[in-house]
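This report concerns only the one structure given below.
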Amino acid sequence: MRELLDILPPGSREYELARTLDPERLPAHVGIIMDGNGRWARRRSLPRVAGHRAGVEPVRMAVETCARLGIPSLTLYAFSAENWKRPRTEVETLWRLLHYYLGREVARLMQNNIRLRAIGRIHALPAEVRRQLEDAVRATSGNTGLILNLAINYSGRAEIVDAVNAIIEEARRSGTLGSLVLDEEQISSRLATSGQPDVDLLIRTSGEMRISNFLLWQIAYAELYVTPTLWPDFDRVALLEAMAAFQKRDRRFGGIHPAGNAPVEQSSLIGARGLPAQ
Ligand code: IPE
Ligand code: IPE
Ligand code: MG
């Protein structure tokens with residue numbers, strides 16, 4: 001938190017917003033569906049790709065802000081498995097932008113102690129971009145700060161299917177397939193985000209009220225924040241507003257509030273009421 005305040009002009013809206021945040025109650029994992037680049041461009045009578053280009057700066061801002069806030073994980077939805085349906089020229093521009101971003105940003109990721117990870121079926125990416133991405137992941141793997149997951153050619157369903165298949169394959173090899181029974185922990189530990197906390201705050205820009213196959217498992221209890229702001233216009237104030245809104249949410253996880261109602265052990269509750277155990 002201090003690290004963020006250090007770079008903000010005192011008295012500015014972003015400084016004041018950052019100051020109101022409770023450093024103890026920041027989300028442990030933020031997911032962002034970065035949407036609205038095409039509409040941003042269309043409103044300016046520009047080609048869609050101009051919107052994608054304008055979307056690079058908010059990526060930098062979000063990464064740096066989360067790192068300086070001390071947030072452990074940030075996942076950015078950069079390209080969905082469904083985005084291959086777009087015109088080839090648009091898809092190629094997206095790969096060129098990723099190439100440009102990685103070329104320029106790895107040094108900054110190192111400076112900011114950020115670990116880059118790629119989630120999604122990246123083997124399908126153009127070979128050069130894939131190699132560059134893998135190099136960047138390797139170069140930053142020893143860092144200890146923010147984990148930045150870039151979701152590229154990502155599908156939440158495919159991620160779960162891959163996790164389950166990996167468990168089955170392992171059981172087959174060890175001869176335990178016949179007695180295999182899956183549990184949530186096993187699946188979580190095989191996801192691309194293994195070891196990271198579940199998403200606490202899911203932000204979607206451009207006003208669309210849908211998940212679009214993003215992090216289906218990890219958002220089970222995420223707070224959803226949808227803003228009409230288009231991604232290229234999503235600035236630090238907008239991100240800090242999302243954090244402030246998150247801190248006002250009453251997160252019950254199926255329990256009840258206020259906190260005065262201490263959670264009751266399920267087994268003792270069942271016992272006290274004489275209900276049969278499940
Ligand atoms: C998000 O912006 C970027 C990607 C999906 C790669 P869009 O390109 O989806 O922009 P809209 O939704 O058409 O405005
Ligand atoms: C979701 O945005 C994918 C990314 C932001 C990368 P889309 O624009 O592809 O989603 P839909 O088609 O509106 O659901
Ligand atoms: Mg879109």
Side-chain angles (χ1 to χ4, degrees), residues 29-63 66 73-105 116-126 129-130 132-133 136 148-162 191-193 199 201-219 222-235 238-239 242:
H29 188 163
V30 177
I32 309 184
I33 303 175
M34 310 183 289
D35 198 13
N37 294 352
R39 277 162 284 172
W40 183 93
R42 200 173 57 220
R43 282 181 197 175
R44 288 163 178 76
S45 305
L46 295 169
R48 290 180 55 82
V49 296
H52 297 315
R53 252 180 253 125
V56 173
E57 185 47 40
V59 170
R60 278 196 197 109
M61 176 285 298
V63 170
C66 288
S73 286
L74 170 67
T75 303
L76 298 178
Y77 205 3
F79 189 89
S80 76
E82 290 77 23
N83 287 147
W84 293 104
K85 293 174 190 162
R86 295 185 179 202
R88 203 166 59 111
T89 48
E90 180 171 342
V91 173
E92 282 169 358
T93 300
L94 288 168
W95 300 140
R96 266 201 301 279
L97 277 174
L98 178 60
H99 175 72
Y100 166 83
Y101 175 82
L102 291 171
R104 291 182 52 130
E105 291 306 298
L116 179 69
R117 302 218 176 135
I119 66 171
R121 293 180 169 169
I122 64 159
H123 55 264
L125 268 54
V129 182
R130 196 193 67 212
Q132 191 189 20
L133 191 56
L148 169 60
N149 304 297
L150 274 189
I152 302 174
N153 192 20
Y154 177 86
S155 148
R157 284 190 170 182
E159 185 189 24
I160 296 169
V161 168
D162 287 350
L191 297 176
T193 53
V199 174
L201 170 61
L202 174 63
I203 299 171
R204 181 163 190 154
T205 58
S206 88
E208 305 292 358
M209 297 286 186
R210 55 178 171 265
I211 300 297
S212 302
N213 208 0
F214 186 48
L215 298 178
L216 298 178
W217 182 279
Q218 298 89 334
I219 61 168
E223 293 298 324
L224 309 182
Y225 182 87
V226 176
T227 169
T229 302
L230 303 175
W231 179 250
D233 294 328
F234 191 78
D235 57 12
L239 178 58

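FYI, side chains are in, hydrogens and waters are out, and symmetry mates aren't considered; it's all heavy atoms of this structure. Position 1 is the first residue of the sequence, and the numbers go up from there. In each ligand, atom 1 is the first atom listed, and ligand 1 is the first ligand listed.
- Checking R117, Q218, H29 one by one against T193, the side-chain hydrogen bond (donor to acceptor under 3.5 Å, both in side chains) holds for a single residue, Q218.
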Test side-chain contact (heavy atoms from CB on, under 4.5 Å) applied to I119 and L215, step by step: CA-CA 10 Å; I119 66 171; L215 298 178; 4.0 Å; yes
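- For the pair Y77/I152, no side-chain contact is recorded, criterion being any heavy-atom separation below 4.5 Å from C-beta on.
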Which pairs of nitrogen or oxygen atoms, taken one from ligand 2 and one from the protein, are under 3.5 angstrom apart?
unit_1, atom_1, unit_2, atom_2, d
ligand 2, 8 (O), D35, OD1, 3.2
ligand 2, 8 (O), R86, NH2, 3.2
ligand 2, 9 (O), N83, ND2, 2.9
ligand 2, 9 (O), R86, NH2, 3.4
ligand 2, 10 (O), R204, NH2, 3.3
ligand 2, 10 (O), S212, OG, 3.4
ligand 2, 13 (O), R210, NE, 3.4
ligand 2, 13 (O), R210, NH2, 2.8
ligand 2, 14 (O), R210, NE, 2.8
ligand 2, 14 (O), S212, OG, 2.6

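- Proximity of L201 to L224: side-chain heavy atoms (C-beta onward) are nowhere separated by under 4.5 Å.
- Scored by the side chain to side chain donor-acceptor pair (under 3.5 Å) test, E92 finds R88 as partners (sequence neighbours excluded).
- Within the protein, the N, O or S atoms sitting under 2.8 Å from the Mg ion (ligand 3) are D35 OD1.
- Put simply, the side chain of Y100 does not reach to within 4.5 Å of the side chain of L98, judged on heavy atoms.
- Partner W40 forms a side-chain hydrogen bond (donor to acceptor under 3.5 Å, both in side chains) with one of T205, T229, D233 and no other, that one being D233.
- Listed by number with element, the atoms of ligand 1 under 4.0 Å from a non-hydrogen atom of R48 are 7 (P), 8 (O), 10 (O), 13 (O).
- Not counting sequence neighbours, W95 has no partner by the side chain to side chain donor-acceptor pair (under 3.5 Å) test.
- The H52 neighbourhood of ligand 1 comprises atoms 3 (C), 8 (O), with distances under 4.0 Å to a heavy atom of that residue.
- A 4.5 Å side-chain heavy-atom check between H52 and E90 finds at least one atom pair inside the cut-off.
- Residues R60 and E57 are paired through a salt bridge, judged by an N-O separation under 4.0 Å between the basic side chain and the carboxylate.
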